[in-house]
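Inspection log for the structure reproduced underneath, given as structure tokens.
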Amino acid sequence: MHVLIIGGGIGGLCLAQGLKRAGVGATVYERDVAPDARLQGYRLNIEPVGSRSLHSCLPSELWDRLIAASGDPGPGMGVFDERLRELMQERSNAGRTSPVESAHAVSRVALRAVLLEGVDVRFGKEFVRYEQLQGEVVAHFADGSTASGTLLVGADGSRSRVKRQLLPGAGQRDPAAFGVGGKLPLTPETGKWLPVILTTNKNMILPRRDFLFTAAFRPRAGEEGYLMWAFVAHRSTYAGQDPHGFVLERSRHWHPDLRRLIAESGSVELFDFRAAAKVKPWATTNVTLLGDAVHNMPPVGGLGGNTALRDAATLRDALTSGIPLIEAVRGYEAEMISYGFAAAGEALMYLRLATVRSRLVRGAARGFFRLCGAVPPLRRAIFDG
């Protein structure tokens, strides 16, 4: 067996690592001309499902290197109103001692460097189409070259060309939302005024309108830490103005420390949200999909990256199970569609909470979190399990 992986994101690279560890040949084809051809964005929060997937796919030395490069994500998630009054604290990561069963905060650059180590990646390869021949699949690239293999895996993101050919009727959902993100370096100076809870934990800020997420990245060694934030709102509220100024205007009645966090941040970026429409099971062939190429979702709740890593481990397990190829891929696709679109639905639910404009619904949500904060058994049953 030789597997062609189209796309060198974290899902495709994790699959390549897992196949290599299992002794299965795989080559990754990435359209970027080099590993550092684009900015890698903010940190990723690897949840336990992602940790288990990475641990199962990576050799022990790379797993240890990844853990050494990761930061402490904090004990869990705090929920506050816009005046930083606590609604709830969940502690899902507190007390976990095994790195495999814990959450980890890791920069995309560090994660990608680990995932690239030792796998066969061909850069500068823009995928155009595939061709299925008897017993093999041939990938065609924009430079006129081709590659053939036993199985082709589309891991080429939310605008996947593999998906476009395999599932031409698959559509997208418009979440009608957008986000603005920024970073504030964690220095002795910022430490003098930043509330401790913002520098040690992940936090949801649930104002009477809009939404803010914050997360501190404190590496265990090496690079300087920073506090990242992501502001989310309904698309109808944005008229194309300067995104940084827009967030400051929308947050004018928030706590002064939140306002200062936003005002003094750099690396401020505007981003739109996309979400895949759910697809029905399709006729299994020697072409399949993984990660955002099939079930892309808004980056709310950290679900997308972790689901892509789960896809990689699930497909690796299927391909190395000893059953015939098509049967193995069919089993993977059935499992992946089930949990993948469940995660996408959860992300959309969180996004609707972040962008809902009904004061009644927003008030009910704040009341729900306040109740969970006041009744620990209820909180643990819903969030910590």
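Counting heavy atoms of neighbouring residues, nucleotides and ligands inside a 6.0 Å radius, atom CZ of Arg260 exceeds 12 of them. Within 6.0 Å of atom CZ in Arg21, more than 12 heavy atoms from other residues, nucleotides or ligands are found, so the atom counts as buried in its surroundings.
Salt bridge annotation for Arg274-Asp272: absent, with no cationic side-chain nitrogen under 4.0 angstrom from a carboxylate oxygen. Using a 4.0 Å cut-off between charged side-chain N and carboxylate O, Arg330 and Glu327 make no salt bridge.
With sequence neighbours excluded, the residues satisfying side chain to side chain contact (heavy atoms under 4.5 Å, CB included) with Ser51 are Ile46, Trp63, His104. Evaluation of the side chain to side chain donor-acceptor pair (under 3.5 Å) rule for Ser160 yields Asp156 as partners, not counting sequence neighbours. Qualifying salt bridge (Lys or Arg N to Asp or Glu O under 4.0 Å) partners for Arg164, counting only residues two or more places apart in sequence or in other chains: none. With sequence neighbours left out, the salt bridge (Lys or Arg N to Asp or Glu O under 4.0 Å) criterion links Lys280 to no other residue. The ring pair (Phe, Tyr, Trp, His ring centres under 6.0 Å) search around Phe80 returns none, not counting sequence neighbours. By the side chain to side chain donor-acceptor pair (under 3.5 Å) test, Thr187 is found to be paired with Thr190, residues two or more places apart in sequence or in another chain being considered. Partners of Asp64 according to the salt bridge (Lys or Arg N to Asp or Glu O under 4.0 Å) rule, which considers only residues two or more places apart in sequence or in another chain, do not exist here. Checked against side chain to side chain donor-acceptor pair (under 3.5 Å), Asp174 has the following partners two or more places apart in sequence or in another chain: Arg235. In this view, Glu126 and Arg31, Arg161 satisfy the salt bridge (Lys or Arg N to Asp or Glu O under 4.0 Å) rule, not counting sequence neighbours. The ring pair (Phe, Tyr, Trp, His ring centres under 6.0 Å) check on Phe246 picks up Phe178, Tyr238, with sequence neighbours excluded.
With hydrogens and angles disregarded, no donor-acceptor distance shorter than 3.5 Å links the side chain of Arg122 to the backbone of Glu30. Side-chain atoms of Lys20 come within 3.5 Å of backbone N or O of Gly118 as a donor-acceptor pair. Between the side chain of Arg252 and the backbone N or O of Glu249 there is at least one donor-acceptor pair closer than 3.5 Å. Arg362 places a side-chain N or O within donor-acceptor distance of the main-chain N or O of Pro207, the cut-off being under 3.5 Å.
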Distance-only donor-acceptor pairs under 3.5 Å for side chains of residues 345-353, two or more places apart:
{"residue": "Glu346", "atom": "OE2", "partner": "Tyr350", "partner atom": "OH", "Å": "2.8"}

For residues 1-14, please give each side-chain donor-acceptor pair under 3.5 Å, one per line with the distance, not counting sequence neighbours.
{"residue": "His2", "atom": "NE2", "partner": "Thr27", "partner atom": "OG1", "Å": "3.0"}

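A cation-pi geometry, defined here as NZ or CZ lying under 6.0 Å from the six-membered ring centre and within 45° of its normal, does not hold between Lys125 and Tyr29. Cation-pi geometry between Arg310 and Tyr339 is met: the NZ or CZ atom falls under 6.0 Å from the ring centre, inside 45° of the normal.
Checking Leu315, Thr314, Asp317 one by one against Glu335, the side-chain contact (heavy atoms from CB on, under 4.5 Å) holds for a single residue, Thr314.
One side chain, Ser56 or Arg316, offers a donor N or O that lies under 3.5 Å from an acceptor on the other. Checking His253 against Glu82 by side-chain atom types alone, no donor-acceptor pair falls below 3.5 Å.
Between Ile197 and Asn203 the shortest heavy-atom distance is O-ND2, 3.1 Å.
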